[in-house]
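Have a look at the structure below before the remarks.
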Amino acid sequence: MAIDEKRFLADLHKLREFGASGVGKGVVRPAFSDADTAARRWLSSRMQEAGLQPHFDPVGNLFGLAQGPSLLMGSHSDSQPEGGWLDGALGVIAALEIARASDRPISVVSFQDEEGRFGVTTGSAIWSGGLKLSDADALTDHAGTTLAAARASMRNLTQGFVDPGQFTGFIEMHIEQGPSLDTAGDLIGVVTDIVGIRDMVICFEGQQNHAGTTPMHLRRDAFQALSLFNSEIATRFQNVVTPQTVWTIGHVDLHPNASSIVPGRARFSMQWRDQDSDRLMRMEQIIRETAQKIADRSGMALSFGPLLGLEPVAMDKSLQKRLETGAQRVAPGKWRHMPSGALHDATNVARLMPVAMLFVPSINGISHDFAEDTSEDDLIAGLRVLEIAAKS
């Protein structure tokens with residue numbers, strides 16, 4: 001059987017309806033939300049129709065299992081709090097279409113909580129053995145909900161963990177989530193490696209006080225400590241990082257978060273990414289040292305949350321060659337090798353088996369936003385490359 005491009009696109013648009021934002025093609029489908037669970041139930045039915053055996057594991061990872069040894073393909077179907085319709089979803093629906101059309105056994109997976117409501121690529125991290133379920137259950141989201149409480153909502157669907165020994169390898173198709181392919185007019189990116197990531201919560205605690213009567217020189221303003229940290233960390237990193245290194249303070253929680261009160265506590269996320277493990281470690285040292293110096297200087301109490309992260313991972317050469325063959329046939333002169341600056345479930349799966357990744361362009365390089373999009377022609381080009389790789 002050949003791939004059915006119209007069916008592929010129809011399924012992709014149908015998945016978008018679960019948690020549709022009402023703004024363009026945007027999606028609001030965080031892990032374990034009602035929309036996420038409904039989407040997984042629908043995916044389970046589509047897997048069954050394709051002749052696969054649906055299987056929810058204890059953390060909500062959904063597998064569509066082929067009989068006997070098989071190549072595993074897929075990604076994730078949860079979204080960012082304000083996400084796009086293709087991030088993760090593309091890889092799942094593409095894998096489903098390949099499983100329908102391939103004359104070789106293909107299994108499909110939609111990993112749970114790749115977007116990090118509770119951690120870093122939580123579902124695949126647990127399945128791959130990188131994170132103990134007992135430790136993961138204690139992780140909380142920004143509202144204080146634990147993973148244990150969230151996954152209890154799916155308890156009537158779940159079974160045991162899937163044995164990874166039945167899979168010969170893993171290929172993940174994904175949008176680039178960056179501007180390189182779109183800017184150059186290339187159609188396909190064959191990934192060479194995925195960067196490493198570190199993620200940690202930092203908390204400065206000073207003194208909550210009246211914003212009108214507390215003199216500036218007597219304030220222990222936690223937000224000012226955060227502001228100093230943000231400025232100084234960039235200076236401290238200058239002689240350590242490369243142009244490809246990135247770091248982000250993406251979530252800030254001020255207490256009590258009121259206009260007329262000097263903030264007594266600033267709790268914020270600190271995330272950094274690089275392709276070199278030693279550099280990631282050096283950056284951690286600088287972060288801790290800089291935060292401590294600012295806390296001492298400002299009269300703040302300082303605390304650090306647990307350090308989460310994944311090591312940089314190189315793609316498997318054999319699987320990568322299969323994608324290169326497909327890229328050359330589908331897009332001669334319009335494909336490239338490239339690293340992934342974004343984190344993906346393939347990083348975790350690499351603990352268990354050979355992995356490879358395929359990118360298609362993101363229009364204007366936009367992702368993690370309602371405006372995320374890719375032309376349907378480019379989506380189909382990626383699907384064709386994946387089809388060739390599955391047959392190689």
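The figures that follow rest on heavy atoms only: side chains count, while hydrogens, waters and symmetry mates do not.
Not counting sequence neighbours, the partners of Arg351 by the side chain to side chain donor-acceptor pair (under 3.5 Å) test are Ser128, Asn348. For the side-chain contact (heavy atoms from CB on, under 4.5 Å) test, residues two or more places apart in sequence or in another chain that qualify with Asp378 are Leu187, Pro361, Thr374, Ser375. For Thr290, the side chain to side chain donor-acceptor pair (under 3.5 Å) test picks out Arg236, with sequence neighbours left out. By the side chain to side chain donor-acceptor pair (under 3.5 Å) test, Arg104 is found to be paired with no residue, residues two or more places apart in sequence or in another chain being considered.
In this structure, NZ in Lys391 is found 14.0 Å from OG1 in Thr325, a value given to the nearest 0.5 Å. Rounding to the nearest 0.5 Å gives a distance of 9.5 Å between CZ of Arg151 and CG of Asp57. Separation of atoms OG1 (Thr214) and CD (Gln208) is listed at 10.5 Å; rounding is to 0.5 Å. Met281 CE to Asp274 CG: the interatomic distance, rounded to the nearest 0.5 Å, is 12.5 Å. Taken from CG in Asp345 to CE in Met357, the straight-line distance is 8.5 Å, to the nearest 0.5 Å. Distance check: Asp11 CG to Arg46 CZ gives 4.0 Å after rounding to the nearest 0.5 Å.
Looking only at side-chain heavy atoms (C-beta outward), Leu65 and Gln166 come within less than 4.5 Å of each other. Counting heavy atoms from C-beta outward, Asp113 and Phe118 have side chains that approach closer than 4.5 Å. A 4.5 Å side-chain heavy-atom check between Ile175 and Ser362 finds at least one atom pair inside the cut-off. The shortest side-chain heavy-atom distance between Pro339 and Val195 does not fall under the 4.5 Å cut-off.
With respect to the salt-bridge test (charged N to carboxylate O, under 4.0 angstrom), the residues Arg198 and Glu311 qualify. Under the 4.0 Å criterion applied to side-chain N and carboxylate O atoms, Lys334 and Asp186 are not assigned as salt-bridge partners. Between Arg384 and Glu5 there is a salt bridge, with a side-chain nitrogen of the basic residue lying less than 4.0 Å from a carboxylate oxygen of the acidic one.
Within 6.0 Å of CD on Gln159 lie more than 12 heavy atoms contributed by other residues, nucleotides or ligands.
A donor-acceptor pair is defined here as one N or O able to donate and one able to accept, closer than 3.5 Å; no such pair exists between the side chain of Asp316 and the backbone of Val355.
Ser75 and Glu172 form a side-chain donor-acceptor contact under 3.5 Å, judged by distance and modelled atom types alone. Counted by atom type alone, Gln271 and Thr248 present zero donor-acceptor pairs between their side chains at under 3.5 Å.
In summary, the aromatic rings of Trp127 and Phe111 are positioned with their centroids under 6.0 Å apart. Taking the centre of each ring, Phe359 and His344 come in below the 6.0 Å mark.
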When you look at His255 and Glu205, which way does the side chain to side chain donor-acceptor pair (under 3.5 Å) test go after all the steps?
CA-CA 9 Å; His255 182 83; Glu205 191 150 5; over 6 Å; no
Verify side chain to side chain contact (heavy atoms under 4.5 Å, CB included) between Leu9 and Glu376, making sure each step is shown before the conclusion.
CA-CA 8 Å; Leu9 293 173; Glu376 291 190 349; 3.5 Å; yes
Determine all donor-acceptor pairs shorter than 3.5 Å in which one atom belongs to a side chain in residues 227-234; sequence neighbours excluded.
from	atom 1	to	atom 2	distance (Å)
Glu232	OE2	Arg297	NH2	2.5

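The aromatic rings of His55 and Phe63 lie perpendicular to each other, with more than 60° between the two planes, well past the 30° mark.
Geometric assessment of Arg288 against the ring of Phe304 yields a positive cation-pi assignment under the 6.0 Å and 45° thresholds.
Applying the salt bridge (Lys or Arg N to Asp or Glu O under 4.0 Å) definition to pairs two or more places apart or across chains, those involving residues 114-132 are Arg117-Asp141.
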